[in-house]
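Before any comments, here is the structure.
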Amino acid sequence: MQQRIPVKQALAGGELTGGTITVMGWVRTNRAGKAVSFIELNDGSCLKGLQVVYTAESLSNYDEVSRVLTGACLSVTGQLAPSEGKGQSVELKAYTVQLVGDCDATFPLQKKRHSFEYLRTIAHLRPRTNTFGAVFRVRSVLAYAIHRFFNERGFVWVHTPIITGSDCEGAGEMFRVSTLSPTDPPRTEGGEVDWAQDFFGRQTNLTVSGQLSGEMFALALGNIYTFGPTFRAENSNTTRHASEFWMIEPEMAFHDLADNARLAQDFLQFIIRHVLDHCPEDMAFFDQWVKPGIVARLEALTTTPFETIPYTEAVRLLQQSGQAFQYPVSWGIDLQTEHERWLTETHVGRPVFVIDYPKEIKAFYMRQNDDGRTVAAMDLLVPGVGEIIGGSQREERHDRLLARINEMGLHEQDYWWYLESRRFGSAPHAGFGLGFERAIMYITGMENIRDVVPFPRTPDNCEF
RNA sequence: UCCUGAGUAGCUCAAUCGGUAGAGCGGGUGGCUGUUAACCACUAGGUUGGGGGUUCAAGUCCCUCCUCAGGAGCCA
């Protein structure tokens, strides 16, 4: 195709000003006047569009172009010139306008604000809106920032499997992966489905976490991280749960819980700094239209240390808060959303680590503390989103780990390779999981996870 | 899965005590010497989510189903 200049580059002007360029993109608005007419053309390279100026004299197909509606795709060649109007520094004086893809009046996106709820029903078109263009540019930049953070610190990116043979990752309901007939599967003599005849010779599922695999690599390569899709078959209907989402799980050998929290803070501060520095236009948009004050809040966050509160202390604070919680607080309970919100939004007012939870409410692999009743766990709570990071120091002592597996009624044989890592040169190590979408929500101010995923999957919804 | 709320024009919404379904935007037509969510005039556009019921009369009240949203639980 003909060489095109991205709108972002055209708007920057520079050496291009005065020259002839071609831009290709989609019409946001077409204002036809008697003497001179205007089209705002957006190609997704940035938030702003390029103003195309055209007249009856300049275009052979003026009638056609003046009737073009919002949504049409155009290729415009013209002179990039300093704007004669207000509101933009440069504009494109069109020599030729080619109608690449026409768009009729039934195009669902209009020159006005739509509800996010409505836009979810047209997920195939919503990337063409300002908000979703900005969300998905930021999503991309954030993903890059994450890789850069770890890469600069010598972490190895490990591609843990998406199909897993272990039913023991313990983080929620799983989606089954099978090639057996759903209506007539092979059966054992006892009438049960004979999974031995399934594709992998056993039951398999989509992963709910790469952590256990990640630990094996941390105990070989030192510092590693995973970054990929994760699947949970929970029937969750909330603004912060999706059935398919992406997760980042660093795992570090020779790290304890304090090292873990320090890394988590450095990590969040780094990736937020990176987005603020590289997406100023999109972030200003979120600040103006989505969540006023978000930029200032993020700026402050990148320089202020996060708070750390032990669970036992958090319980005491909640009990002394004078708040009438729906769920009463006592030592041993899992903190409810209302408690977490009070801690991070009211009490601290910024991100806070809650550490050292009772072992009964946490996973088997978390390292048992010397007090005999808590484990070296940490949850990072942030205002507006809630839990954004969950992590722990892992139990590296074979006997303690085995005891805990048995105490919790789990099957030792399901964890044979995990346990072996504690027999063959075990080492202290720690890690955490960050919900990628929750990070995007926190940074953009978008309040529903369905609006930061290109085509979200949630219970009863897999359209597109 | 539980609780609450909402479905009215393509979109965003209004419609008082149950009494003739409206507006803005978008579309069409015409106008306008540089517009910026352009502006001005005219115009088309409706099985009020589906089904049933009460009533002289239902967008409005009752029953039921569907869909969506928010909250809770689970978690990231």
If you compare every side-chain N and O of A:Arg450 against the phosphate oxygens of B:G70 (OP1, OP2), does one of them come in below 4.0 Å?
yes
In whole Å, what separates the C1' atom of B:G49 from that of B:G27?
25 Å
Is the side chain of A:Gln51 donor-acceptor paired with the backbone N or O of A:Glu40 at a distance under 3.5 Å, no angle test?
no
Side chains of A:Met446 and A:Thr131, heavy atoms from C-beta outward: is any pair under 4.5 Å?
yes
Determine the Euclidean distance between corresponding C1' atoms of B:A15 and B:U48; express it in Å to zero decimal places.
11 Å
Would you say B:G73 has OP1 or OP2 under 4.0 Å from some side-chain N or O of A:Gln336?
yes
P gap between B:C3 and B:A58, integer Å
32 Å
A:Ser115 side-chain N/O to B:U12 phosphate OP1/OP2 under 4.0 Å
yes
Within this structure, what is the OH-to-P distance between A:Tyr327 and B:A72, rounded to whole angstrom?
9 Å
Quick one: is B:G28 close enough that its OP1 or OP2 comes under 4.0 Å of any side-chain N or O from A:Arg67?
no
Where does RNA chain B form stems of at least three consecutive Watson-Crick or G-U wobble pairs, each pair having both distances below 3.5 Å?
B:1-7 with B:66-72, B:10-13 with B:22-25, B:27-31 with B:39-43, B:49-53 with B:61-65
For A:Pro459 and A:Ile389, take the nucleotide of RNA chain B holding the closest heavy atom to each; which residue's nucleotide lies nearer the 5' end?
A:Pro459
Quote, to the nearest angstrom, the P distance that separates B:U55 from B:G46.
32 Å
For residues A:Gln9 and A:Ser45, is any side-chain donor paired with an opposing acceptor at under 3.5 Å?
no
Would you measure the distance from the C1' atom in B:U20 across to the matching atom in B:G52 and give it in whole Å?
26 Å
